[in-house]
2 protein chains.
Amino acid sequence: MDYDSGTFSHLPHQPVQASNRPSKIQDVARAAGVSAMTVSRAINHPERLNPETLQRVRDAIASMRYVPNALASGLRLSRARLVAALLPTLVGPVFQELIQSLDHALNQHGYQLMIGRTGYDAAQEADLIRAIIQRRPDGIVMIGMAASEEGRALLQASRIPVVETWDLTDSAIDMLVGFSHSAIGHAVAAHFIANGHRQLGMVSGDDARARVRVAAYAQAAQAAGLPEVTVAYTPAPSTLGGGRRGLAEILAERPEVTAVFCSSDTLALGALVEAQHQGLQVPQQLAVVGLGDQEFAKDTDPPLTTVRLDGTRIGQLAADMIVARTLDQPVDAPRVDIGFSITQRSSG
Amino acid sequence: MDYDSGTFSHLPHQPVQASNRPSKIQDVARAAGVSAMTVSRAINHPERLNPETLQRVRDAIASMRYVPNALASGLRLSRARLVAALLPTLVGPVFQELIQSLDHALNQHGYQLMIGRTGYDAAQEADLIRAIIQRRPDGIVMIGMAASEEGRALLQASRIPVVETWDLTDSAIDMLVGFSHSAIGHAVAAHFIANGHRQLGMVSGDDARARVRVAAYAQAAQAAGLPEVTVAYTPAPSTLGGGRRGLAEILAERPEVTAVFCSSDTLALGALVEAQHQGLQVPQQLAVVGLGDQEFAKDTDPPLTTVRLDGTRIGQLAADMIVARTLDQPVDAPRVDIGFSITQRSSG
DNA sequence: TTGTACGCGTTATCAT
DNA sequence: ATGATAACGCGTACAA
């Protein structure tokens with residue numbers, strides 16, 4: 001007979017636990033009077049077990065709160081059941097719709113989503129990519145990021161499926177789903193021109209994508225014979241305050257501006273606040289158009305006209321691409337332009 | 001109007017690579033003419049190597065783009081160098097500041113942060129916790145979440161250090177850093193009363209924490225002999241539109257209300273918009289106070305008076321606690337109340 | 001239907 | 001200073 005010299009536990013409702021460490025598959029096997037393999041099957045192929053045995057094992061798993069070790073199974077299977085999303089910042093709510101739908105779609109297929117932040121710092125980007133690759137995710141989704149040369153090389157060497165999103169670049173690492181920022185710039189300029197505006201302004205972030213939009217917007221105005229557009233750049237990330245200051249700057253420089261395109265809804269909200277503050281009627285004296293069609297756009301005063309980007313669709317497509325790849329299925333369209341539309345409300 | 005420029009597809013570009021699979025430590029060893037152990041040491045204990053050998057190995061690592069497999073090392077070491085953060089939503093109020101600082105502090109110690117979303121769905125919570133525990137993180141940070149019974153049991157059985165944040169509950173699973181929601185309710189009521197208000201309203205979310213704040217706020221008003229406060233509940237998550245509708249509801253029910261406490265800055269921004277829309281002067285005719293002191297609070301019109309919560313400090317403390325635990329150091333204060341303050345601006 | 005042997009890639013330990 | 005060995009926990013392949 002064995003006399004355990006161990007300690008006593010006075011915690012209420014503490015399940016019986018053999019030791020101080022979390023249980024592993026072998027512990028469950030012992031408790032259920034079966035081999036480790038039978039426990040493994042109870043989890044992954046329950047239909048192959050005798051119902052009676054299955055129940056015994058399940059009871060043991062539940063009572064011991066056994067949770068399989070994904071490091072071990074991932075190593076064995078070379079599948080981590082994990083997908084990583086890399087983005088510049090969580091602060092801008094622009095990406096949330098995308099993340100949400102990506103997460104949801106991946107969960108349906110038994111994948112978990114891991115989120116990594118680069119913080120707009122290109123120098124740290126390669127380090128983050130390295131850290132992500134270490135976990136051997138089954139796929140990587142890059143959101144609104146341009147990978148550095150080193151980052152691209154790492155991603156390619158890793159053989160991990162990569163989906164770049166948000167930006168419809170010409171040189172995709174692997175797969176791509178996004179929209180054309182230059183088409184957006186043109187479309188908004190055309191929208192203003194069609195509404196009779198001739199003095200255009202723009203409040204914009206100062207990253208590479210934003211510059212593409214600005215250039216297209218300015219070029220469309222020029223092509224229509226309009227005077228040069230006035231641009232105010234704001235530092236990333238986009239904030240309400242940035243929108244206020246951007247609009248104030250434009251109006252100070254050129255008070256005759258009657259239409260302003262803001263490169264995010266947050267900036268546009270700031271522009272609305274500033275216009276209100278300066279006593280300008282929107283849209284009668286000043287038209288404002290945003291970008292993103294975020295949740296709040298419909299509830300501003302006046303409701304915001306904005307460029308709608310279907311983040312949900314991007315997330316869904318990115319998830320589909322990665323899932324197809326991991327199943328070795330062909331990806332019919334590895335490069336997708338999801339386009340955009342202009343949601344017409346009252347602000348411009 | 002739609003600007004979908006169509007869907008393009010082309011064959012994925014096949015990158016140049018010697019082999020068809022990512023290289024492992026053995027491949028690097030072969031290339032550098034050393035054993036696998038020497039490569040491992042070059043990465044983890046470079047000082048123990050002959051400088052000449054070290055350089056050879058490093059060159060091989062760089063040229064092959066070798067990235068260690070964290071599943072294998074995590075399995076071997078029982079340390080995943082991973083910390084998980086669980087939260088209801090990314091959209092949330094001050095969560096972003098917290099996440100940012102948590103991520104930053106953990107990176108300093110060589111940990112990576114994994115983010116999991118529950119989406120306010122208590123039913124899925126246990127599943128997410130199970131999915132997280134599977135990865136054997138070195139710590140788990142719960143942000144603004146109340147774990148279900150099953151979730152708590154899983155966390156305890158896992159033996160993983162857990163820090164609950166945001167909410168200063170009485171029954172912590174393990175460690176805790178937060179603030180008292182009931183103290184906040186009292187403080188804001190006292191603030192309004194000190195400013196001469198007697199007709200108080202509140203726009204609030206409808207989760208458990210929010211109800212605690214509401215109860216404390218209402219009780220403080222009652223204790224001061226004020227008429228009963230009018231409360232409008234809005235569904236999660238907090239939105240600008242919810243704030244507008246909440247305030248409209250309160251004013252419709254009791255037009256004599258002169259001060260409204262909103263349980264997030266986003267709701268407060270909506271209240272400001274609605275007040276403006278209804279032609280109410282803030283703060284002369286209606287005082288508005290928010291919660292969170294988010295980035296935009298200082299730039300609203302008028303600037304928002306709000307309850308400041310130091311998310312950065314919470315993240316820092318949570319990281320410290322987890323790091324101490326993984327080093328088997330004692331955690332001097334496993335339960336911390338970081339308090340709050342009222343940032344006085346012009347809105348109330 | 002259930003069990004045994006082996007290997008996934010890495011690193012601590014011990015040996016040289 | 002460097003190498004050989006074993007073990008981390010799990011699941012496939014095969015055997016019973």
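Computed from a prediction, not measured in an experiment: that's the story for all the values here. To find a chain, count down the sequence lines: A is the first, B the second, and so on, and within it residues start at 1.
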Original post:
side-chain contact (heavy atoms from CB on, under 4.5 Å) with B:Tyr111: which of B:Leu82, B:Ile322, B:Thr326?
Top reply: B:Thr326
**OP:** Could I get the full list of salt bridge (Lys or Arg N to Asp or Glu O under 4.0 Å) partners for B:Arg41, not counting sequence neighbours?
**Re:** none
Original post:
For A:Asn44 and B:Glu47, take the nucleotide of DNA chain D holding the closest heavy atom to each; which residue's nucleotide lies nearer the 5' end?
Top reply: B:Glu47
Original post:
Listed in order of residue number, which residues of residues 35-43 of chain A have a non-hydrogen atom at under 4.0 Å from DNA chain C?
Top reply: A:Ser35, A:Met37, A:Thr38, A:Arg41
Subject >> Exam field: side chain A:Thr165 to backbone A:Met142, donor-acceptor pair closer than 3.5 Å >> reply: yes
**OP:** For A:Glu125 and A:Met145, run side-chain contact (heavy atoms from CB on, under 4.5 Å): C-alpha distance rounded to whole Å, both residues' side-chain angles, the deciding distance at 0.1 Å, then the answer.
**Re:** CA-CA 9 Å; A:Glu125 191 203 75; A:Met145 272 178 58; 3.5 Å; yes
Original post:
Ignoring hydrogens and geometry, is there a side-chain-to-backbone donor-acceptor pair from B:Arg56 to B:Ala32 under 3.5 Å?
Top reply: yes
Original post:
Is there a donor-acceptor contact under 3.5 Å from the side chain of B:Asp167 to the main chain of B:Thr169?
Top reply: no
Subject >> All side chain to side chain contact (heavy atoms under 4.5 Å, CB included) counterparts of A:Asp103, not counting sequence neighbours >> reply: A:Asn107, A:Leu113, B:Arg117
Original post:
What are the residues of residues 70-84 of chain A, sorted by number, that bring a heavy atom to within less than 4.0 Å of DNA chain C?
Top reply: A:Leu75, A:Arg76
Subject >> Residues, nucleotides or ligands: over 12 heavy atoms within 6.0 Å of A:Glu52 CD >> reply: no
Subject >> Under 3.5 Å: donor-acceptor pair, side chain of B:Gln316, backbone of B:Ala105 >> reply: no
**OP:** Give the first and the last nucleotide of DNA chain C, reading 5' to 3', that has any atom under 4.0 Å from a heavy atom of chain B.
**Re:** C:dG9 to C:dA12
**OP:** Give the first and the last nucleotide of DNA chain D, reading 5' to 3', that has any atom under 4.0 Å from a heavy atom of chain A.
**Re:** D:dG9 to D:dT12
Original post:
Do the charged groups of B:Arg21 and B:Asp27 touch, with an N to O distance under 4.0 Å?
Top reply: yes
Original post:
Does the pair A:Leu154 and A:Arg130 meet the rule for a side-chain contact (heavy atoms from CB on, under 4.5 Å), with working shown?
Top reply: CA-CA 7 Å; A:Leu154 285 167; A:Arg130 224 184 306 266; 3.8 Å; yes
Subject >> Over all atoms of both residues, closest heavy-atom pair of A:Arg135 and B:Arg81 >> reply: NH2-O, 2.8 Å
